[in-house]
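Structure first, then comments.
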Protein chains: 2
Amino acid sequence: MEDQAGCPVKATVGVIGGKWKTGILYRLARKSYRLSELKREMSWISETVLIRQLRELQAEGVVERIDHRQRPPKVEYALTDYGQSLAPLLDAIAAWGQSHLSHKAG
Amino acid sequence: MEDQAGCPVKATVGVIGGKWKTGILYRLARKSYRLSELKREMSWISETVLIRQLRELQAEGVVERIDHRQRPPKVEYALTDYGQSLAPLLDAIAAWGQSHLSHKAG
DNA sequence: CGGGATCCTTGGGGATACTG
DNA sequence: CAGTATCCCCAAGGATCCCG
């Protein structure tokens, strides 16, 4: 049962399709974040999973990890240049969600 | 641990976030489909799941089921007017995926 | 602060069989 | 053709403990 590789929609979902990835990317599209910041702003995600999803986004080349090599540790996460190409998509997702919430609220 | 309801990104993901939903919606944005057509074009999805995801999309109000009440049965699926508002988003998803595939291919 | 290693849990996806 | 009804499974998400 081949999975019709090469489907554009699947390609995108493969990158941003984790449970929290769009939320992470949406934030990173605005500013770079320290890990502790992300943990605070998305406190409903377990730390393990947050880091795992960041790693996967790195592996896809859309997020970069910037280690400032300081004591105490300071590590930032940001979109790569390539990841920035997702910005319009992320905005579209947020915009539709916004109108959807209004729609449901009446 | 509240899940930060009211987040626009989550609202969208809640609607289109199934494993195959974007693929289904992307097709329905172009034309209405009979169930058997969808099954053929997305033959890698099990029938059970395909129908389940269609039901969920109906429940969200973005897909409508049109029963022509014929023998043999003829049922069509299409986007609702509201679902049509997803079209730009679906295009953006497909467009990014397309460029992503080129990106990886070199 | 920013992780890695481990183990547990769950629900979304899937296979199969049957029906009007 | 267009479904429904079950049962199953595993990968993704999550909790916990430990570390430089």
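All of these numbers come straight from a predicted model, not from anything done at the bench. In what follows, chains are A, B, ... by sequence order, proteins preceding strands, each numbered from 1.
- Residues of residues 29-37 of chain A having a heavy atom closer than 4.0 Å to DNA chain D: none are found.
- Taking atom CD of residue E56(A) and atom C1' of nucleotide dA12(D), one finds them 9 Å apart after rounding to whole Å.
- Between the CD atom of E47(B) and the P atom of dG14(C) there is a distance of 13 Å, given to the nearest Å.
- Between the NZ atom of K39(A) and the C1' atom of dG14(D) there is a distance of 15 Å, given to the nearest Å.
- Separation of atoms CG (L38(B)) and CG (L54(B)) is listed at 6.0 Å; rounding is to 0.5 Å.
- The CG atom of L50(A) sits 10.0 Å away from atom CZ of R55(A), with the distance rounded to the nearest 0.5 Å.
- Following rounding to the nearest Å, I51(A) (CD1) and dA12(D) (C1') show an atom-to-atom distance of 16 Å.
- What separates CZ of R55(B) from P of dG13(C) is a distance of 16 Å, to the nearest Å.
- From C7(A), atom SG reaches atom OH of Y26(B) across 8.0 Å, with rounding to the nearest 0.5 Å.
- Under 4.0 angstrom from either OP1 or OP2 of dA2(D) there lies no side-chain N or O belonging to R65(B).
- Considering all non-hydrogen atoms of both residues, M42(A) and W20(A) come closest at CE-O, 4.3 Å.
- Residue pairs that meet the salt bridge (Lys or Arg N to Asp or Glu O under 4.0 Å) test with at least one member in residues 77-89 of chain B, sequence neighbours left out, do not exist here.
- For the pair L54(B) CG and dG3(D) P, the interatomic distance rounds to 8 Å; values are reported in whole Å.
- Using a 4.5 Å cut-off on side-chain heavy atoms (C-beta onward), V75(B) and L35(B) make no contact.
- Each end of the helix from dC1(C)-dG20(D) to dG20(C)-dC1(D) gets its own axis from five base pairs, and the two axes differ in direction by 50°, given to 10 degrees.
- The shortest non-hydrogen separation linking K21(A) to V15(A) is CD-O, 3.5 Å.
- A search for side chain to side chain contact (heavy atoms under 4.5 Å, CB included) contacts involving R40(A) returns S36(A), E37(A), not counting sequence neighbours.
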Side-chain atoms of residues 87-106 of chain B: list all donor-acceptor pairs with protein atoms under 3.5 Å, sequence neighbours left out, distances to 0.1 Å.
from, atom 1, to, atom 2, distance (Å)
D91(B), OD1, R30(B), NH2, 2.8
W96(B), NE1, S85(A), OG, 2.9
S99(B), OG, W96(B), O, 2.9
H100(B), ND1, Y82(A), OH, 2.5
S102(B), OG, Q98(B), O, 3.1

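- Expressed to the nearest 0.5 Å, how far CG of L57(A) lies from CG of L25(A) amounts to 5.0 Å.
- By the salt bridge (charged side-chain N to carboxylate O under 4.0 Å, His left out) test, K39(B) pairs with E47(B), sequence neighbours left out.
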Enumerate all atom pairs, one protein N or O and one N or O from nucleotides 8-12 of chain C, separated by less than 3.5 Å.
none

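- Within the structure, a side-chain polar atom (N or O) of W20(A) is placed less than 4.0 Å from OP1 or OP2 of dG14(D).
- In this structure, CG of L50(A) is placed 11 Å from C1' of dG3(C), rounded to the nearest angstrom.
- Using a 4.0 Å cut-off on heavy atoms, the residues of residues 66-79 of chain B that approach DNA chain D are P73(B), K74(B), V75(B), Y77(B), listed by number.
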Run the numbers on L86(B) and L79(B) for side-chain contact (heavy atoms from CB on, under 4.5 Å), then give the verdict. CA-CA 9 Å; L86(B) 280 167; L79(B) 292 193; 5.5 Å; no
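- Residue-to-nucleotide contacts include a donor-acceptor pair under 3.5 Å from the side chain of T48(A) to the base of dA15(D).
- For R52(B), the side chain to side chain contact (heavy atoms under 4.5 Å, CB included) partners two or more places apart in sequence, or in a different chain, are T48(B), V49(B), E56(B).
- Across the protein-nucleic acid pair, Q58(B) atom CD and dG3(D) atom C1' stand 12 Å apart, rounded to whole Å.
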Enumerate donor-acceptor pairs with a distance under 3.5 Å from any side-chain N or O in residues 60-73 of chain B to protein atoms, sequence neighbours excluded.
from, atom 1, to, atom 2, distance (Å)
D67(B), OD1, R69(B), N, 2.8
H68(B), NE2, E76(B), OE1, 3.0

